[in-house]
Student: 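Below are the structure tokens for one structure; questions will follow.
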Protein chains: 2
Amino acid sequence: MVQHEIPSRDETPPRTGARRRLAPEARTPQILEAAFAEFAERGYAGARMAGVATRAGIAKGLIYHYFPSKSALFLATFRAATGPAFEAAERRIFVTGGPVRAMLADLIGVAYARLREAERERALFRLMVAEADRFPELARFYREEVLSRAAGLVHAMLHAGVASGEFRPEVAEMPCLAEAVMAPAVAGSVWRLILGKDDAPDLAALQAAHLDLLLAGLAVRQAPAR
Amino acid sequence: MVQHEIPSRDETPPRTGARRRLAPEARTPQILEAAFAEFAERGYAGARMAGVATRAGIAKGLIYHYFPSKSALFLATFRAATGPAFEAAERRIFVTGGPVRAMLADLIGVAYARLREAERERALFRLMVAEADRFPELARFYREEVLSRAAGLVHAMLHAGVASGEFRPEVAEMPCLAEAVMAPAVAGSVWRLILGKDDAPDLAALQAAHLDLLLAGLAVRQAPAR
DNA sequence: TTGCGTATTGACCATACGGTCAATAGCATG
DNA sequence: CATGCTATTGACCGTATGGTCAATACGCAA
């Protein structure tokens, strides 16, 4: 009713913000994307719902039309950002023929390549470290979907190397060896998280050292030094 | 003046909270301790000044008598919690005689022992990962006081091993080799941060695998397999 | 063109939090 | 016991934030 009194053509009076109706299937990922940026930059506690809304170019209230609370949005963001991370690597690895040590080198190369780019994964990793004990689902996800799968991949490769005679037989049965094998990549990722791209140890050099140390450590020895 | 009207013996009326005056030298570390607990548990953004006050058993306002702001308290907390971390290890290492590989094993054992206990250091590490880009001082500290010193220690040891003929000559000059050598301990620490004591890879097993892989990777080979 | 379902807004609320400050009381000194 | 310094309190403030809701207008279907 009031609005009848102000039919002026200028934008000010009721100032209905440009409103573009979107289907939920289109709006949801948009919000999730904005939320990811906000959470990645500020952490869970520091993130503001208004910030998410601004990034998405919508009103804050609309978020609550799609997600019931901040924590729900956080979990949803995390699940969404957590796409099929390993399928590609898993598929790729075992098609490469040749000596197992070359396959292992290839696998490690893929891992470092991801670390080098993959801004997204790094932000996700930071969130896991920072919020894991407040959101157990993050920890569960990392254990089941990241660490276990990566370790499984490496473990299979170690077995293959032993079978082919390239690696020392002991490496097939040593517990946590797979974790030790991939640890330098994880550490490199963490260092880069803390120190930033410019101050962290150079990933290429780390990869080279890692690979050298690793292959020398796994290989059968002509005459076991005692 | 008003209090003259209510000289009742019961605790309620003016209810001056039990007030114990403390010298600043005694109060300051108390506040810092409480702040550390609060920041460690909630992160910077999630921590509340009132929470710090409660933990310290004081009024919130008193904190501002000692620290001008939340961020100043955070930095001070960090500096205080960051005591002489490496002196002991550095002093200890080079007195041990014997083969360099035994010294290296000893060094690594010390590192894992710290990781296993050292709840404090782990919380500090989490804060670094979570807040490093908002507080550059944390990153600077980690680089200069932790990573550089640890890498220097390892690097010196690698040189010694080459000099004594135990290690392959190449290891003395490979960039980032020191970082690769100590990486599994770092990764183990991160895994324990994310997954907790019970779900993380077992530190003892990781240490054993790490050491085995490392010493095999560094040792001179009887006949270099090509 | 009309009508309807709902995506979207913006104003609003209660609260929580960082920070301030005048008043107060513990303690050392004389 | 009186005095002064300051450590300590608790009430207070402005703001920012998570969350709510009635009103609104977009776009589809009839």
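Sequence lines set the chain letters: A, B, ... in the order given, protein chains first and strands last, and positions in each chain run from 1.
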Student: Salt bridge check, Glu137(A) against Arg79(A): does any charged N sit closer than 4.0 Å to a carboxylate O?
Tutor: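 Salt bridge between Arg79(A) and Glu137(A), a charged N being under 4.0 Å from a carboxylate O: yes.
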Student: With distance as the sole criterion, do the side chain of Lys60(A) and the base of dG19(D) form a donor-acceptor contact below 3.5 Å?
Tutor: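 Indeed there is one.
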Student: Any ion pair linking Glu117(A) and Arg192(A) (charged N to carboxylate O, less than 4.0 Å)?
Tutor: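 Not counted as a salt bridge, because no side-chain N and carboxylate O are separated by less than 4.0 Å.
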Student: Can you check whether Phe36(A)'s main-chain N or O pairs, donor with acceptor, with Thr77(A)'s side chain at less than 3.5 Å?
Tutor: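 Answer holds: no.
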Student: Are Glu41(A) and Arg55(A) ion-paired here, with the side-chain N under 4.0 Å from a carboxylate O?
Tutor: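 Looking at Arg55(A) together with Glu41(A), the answer is yes, because their closest N to O distance falls below 4.0 Å.
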Student: Rounded to whole angstroms, how far apart are CD1 on Ile58(B) and P on dT9(D)?
Tutor: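 It is 7 Å, rounded to the nearest whole Å.
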Student: Is the ring centre of Tyr44(B) less than 6.0 Å from the ring centre of Phe135(B)?
Tutor: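 Ring-ring flag for Tyr44(B)/Phe135(B): true, centres closer than 6.0 Å.
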Student: Which nucleotide in the set dG18(D), dG27(D), dT9(C) lies at the smallest distance from any side-chain heavy atom of Leu62(A)?
Tutor: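 Looking only at side-chain atoms, Leu62(A) lies closest to dT9(C).
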Student: Which angle, rounded to 10°, do you find between the first-five-pair axis and the last-five-pair axis of the helix from dT1(C)-dA30(D) to dG30(C)-dC1(D)?
Tutor: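 Angle reported: 0°, given to the nearest ten degrees.
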Student: Could you give the CG-to-P distance, from Leu22(B) to dC27(C), as a whole number of Å?
Tutor: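 Distance, rounded to whole Å: 9 Å.
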Student: Which whole-number value in Å describes the distance from Arg42(B) CZ to dG18(C) P?
Tutor: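 The answer, rounded to whole Å, is 10 Å.
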Student: In terms of side-chain geometry, is the basic nitrogen of Asp133(B) or Arg126(A) positioned less than 4.0 Å from the acidic oxygen of its partner?
Tutor: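 Here Asp133(B) pairs with Arg126(A) in a salt bridge, since their nearest N and O are under 4.0 Å apart.
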Student: Is Arg27(B) positioned over the aromatic face of Tyr66(B), cation under 6.0 angstrom from the ring centre and no more than 45 degrees off axis?
Tutor: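 Geometry flag: not set, cation outside 6.0 Å or 45°.
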Student: Can you tell which of dT9(D), dA7(C), dG18(D) lies closest to the side chain of Arg48(A)?
Tutor: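 Nearest listed nucleotide: dG18(D).
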Student: Taking CE from Met49(A) and C1' from dA16(C), how many angstroms apart are they, rounded to a whole number?
Tutor: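 Roughly 17 Å, once rounded to whole Å.
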Student: So if I apply the side-chain contact (heavy atoms from CB on, under 4.5 Å) rule between Met182(A) and each of Leu214(A), Leu147(A), Leu107(A), which one comes out positive?
Tutor: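 Answer after filtering Leu214(A), Leu147(A), Leu107(A): Leu147(A).
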Student: Check this for me, if you would: do Arg116(B) and Glu121(B) make a salt bridge, where the nitrogen-to-carboxylate-oxygen distance has to be below 4.0 angstrom?
Tutor: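 Glu121(B) and Arg116(B): not salt-bridged.
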Student: Which atoms form the tightest heavy-atom contact between Ala180(A) and Ala209(B), and what is the distance?
Tutor: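 Nearest pair, atom of Ala180(A) first, then Ala209(B): CB-CB, 4.1 Å.
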Student: Need one value for Ala47(A): base, sugar-phosphate or nothing, where a base atom within 4.0 Å counts as base even if backbone is also close, heavy atoms only.
Tutor: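 Touches sugar-phosphate only.
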Student: Pairs under 3.5 angstrom, nitrogen or oxygen only, protein versus nucleotides 3-5 of chain C, please.
Tutor:
unit_1, atom_1, unit_2, atom_2, d
dG5(C), N2, Arg21(A), NH1, 3.0
dG5(C), N2, Arg21(A), NH2, 2.8

Student: What heavy-atom pair brings Ile194(A) and Ala132(B) nearest, and what distance separates the two atoms?
Tutor: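 Taking every non-hydrogen atom into account, O-CB, 3.5 Å.
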Student: Which residues in residues 63-77 of chain A have at least one heavy atom lying under 4.0 Å from any atom of DNA chain D?
Tutor: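 Result for residues 63-77 of chain A: Tyr64(A), Ser69(A), Lys70(A), sorted by number.
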Student: Taking only the side-chain heavy atoms of Arg27(A) (C-beta and beyond), determine which of dT8(C), dT8(D), dG27(D) contains the nearest atom.
Tutor: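 Between dT8(C), dT8(D), dG27(D), the one nearest the side chain of Arg27(A) would be dT8(C).
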